[in-house]
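Read through the structure below, which is laid out as structure tokens, and then see the notes.
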Amino acid sequence: MWIRSLFTISRQNIVSREDNKRADKFRAGCYLSASEPAMTNSNCLFCRILRGEIPAKKVHEDENVFAFEDVNPQAPTHILIIPKKHFAGLKEAQAADAEVIGHCHLAAAHIARQRNIEQGYRTVLNVGPGAGQSVFHLHVHLIGGRPLSWPPG
Ligand code: 5GP
Ligand code: ZN
């Protein structure tokens with residue numbers, strides 16, 4: 001019996017050590033093998049946050065997306081959810097990006113549930129400089145925790 005549990009524990013350790021190594025490599029920017037397409041962009045601010053080169057307050061992470069507190073919050077909850085794959089914005093998105101854009105919104109719903117702001121929150125995608133986009137790595141703003149007026153400015 002104890003041999004079986006010993007086996008289970010060491011197997012779990014191996015799996016989590018592999019996961020950690022993978023995460024470390026991703027952060028270090030060498031996650032990708034030569035055969036995989038480049039996922040991050042060396043000059044992009046949010047890719048640098050993803051790689052751990054610029055600090056950010058992480059709120060959520062899964063295999064597709066990363067979420068962190070906005071440095072200049074416009075509401076009690078203001079979180080940015082980004083795909084782990086770099087692309088500039090909604091305008092530049094390809095059909096293959098549909099799933100990850102959906103994941104960003106589902107992550108926003110998950111965080112809103114956790115923060116107990118489901119009575120009313122907003123997900124915002126600024127598209128292009130004319131709409132206020134200033135960082136060109138697609139991101140969904142999750143804004144809530146105060147009354148939100150309509151139309152937005
Ligand atoms: P956009 O204007 O492109 O829709 O949104 C970019 C957001 O990124 C802004 O709300 C801005 O406050 C946030 N931001 C810009 N630089 C940083 C940073 O270095 N760290 C974090 N956490 N947020 C940032
Ligand atoms: Zn990027």
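One-based numbering, in listed order, for ligands and for the atoms of each.
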For ligand 1, note which part of Ser134 has a heavy atom under 4.0 Å away: side chain, backbone, both or neither.
both
Do Lys84 side-chain atoms and Asp62 backbone N/O form a donor-acceptor pair below 3.5 Å?
yes
Is there side-chain contact between Pro129 and Ser134, with heavy atoms separated by less than 4.5 Å?
no
Just to be sure I read this right, does ligand 1 sit under 4.0 Å from the backbone of Lys57, its side chain, both, or neither, counting only heavy atoms?
neither
Is there a side-chain contact between Pro83 and His137, using heavy atoms and a 4.5 Å cut-off?
yes
Under 4.0 Å from a heavy atom of Glu69: give me the atoms of ligand 1 that qualify, with their elements.
22 (N)
Start with the C-alpha distance between Asp97 and Lys85, add both sets of side-chain angles, then the distance that settles side-chain contact (heavy atoms from CB on, under 4.5 Å), and finish with yes or no.
CA-CA 9 Å; Asp97 301 320; Lys85 176 195 164 194; 2.6 Å; yes
Is there a polar contact, in the sense of an N or O pair closer than 3.5 Å, between His78 and ligand 1?
no
Indicate yes or no: at least one non-hydrogen side-chain atom of Leu142 is less than 4.5 angstrom from one of Tyr121.
yes
For atom 7 (C) of ligand 1, state which one of Asp70, Val135, Ile54, Ile82 supplies the nearest heavy atom.
Asp70
At a non-hydrogen distance cut-off of under 4.0 Å, which region of Gln74 contacts ligand 1 (side chain, backbone, both, or neither)?
neither
For the Zn ion (ligand 2): the N/O/S atom of His137 at shortest distance
ND1
Just to be sure I read this right, does ligand 1 sit under 4.0 Å from the backbone of Ile49, its side chain, both, or neither, counting only heavy atoms?
side chain
Ionic contact status for Arg115 with Glu69, cut-off 4.0 Å:
yes
In this structure, does ligand 1 have an atom that sits under 4.0 Å from one of the heavy atoms of Gly132?
yes
Which residue holds the protein heavy atom closest to atom 16 (N) of ligand 1, what is that atom called, and what is the gap in Å?
Leu45 CD2, 3.3 Å
The Zn ion (ligand 2) as vertex, arms to ND1 of His86 and SG of Cys44: angle to 10°?
110°
Would you say Gln133 has any N or O atom under 3.5 Å from an N or O of ligand 1, going by distance alone?
no
Gln94 side chain vs Glu92 backbone, donor-acceptor pair below 3.5 Å
yes
Parallel, tilted or perpendicular, as decided by the 30° and 60° cut-offs, for the rings of His141 and His78
tilted
For His139, take its heavy atoms, then give the atoms of ligand 1 lying under 4.0 Å from any of them.
1 (P), 3 (O), 4 (O), 5 (O), 6 (C)
Counting the benzene-type ring for Trp, do Phe46 and His139 have ring centres under 6.0 Å apart?
yes
Can a donor-acceptor pair be found, under 3.5 Å and without considering hydrogens, that links the side chain of Glu53 to the backbone of Arg48?
no
Does Val71 approach ligand 1 within less than 4.0 angstrom via side chain, backbone, both or neither, non-hydrogen atoms only?
both
Numbered atoms and elements of ligand 1 in range of Phe68, under 4.0 angstrom, heavy atoms:
21 (C), 22 (N)
Phe46 heavy atoms within 4.0 Å reach ligand 1 at atoms 8 (O)
Any chance you could measure Lys57, atom NZ, to Ile49, atom CD1, to the nearest 0.5 Å?
13.5 Å
Which atoms from ligand 1 have a heavy atom of Asn72 less than 4.0 Å away?
12 (O)
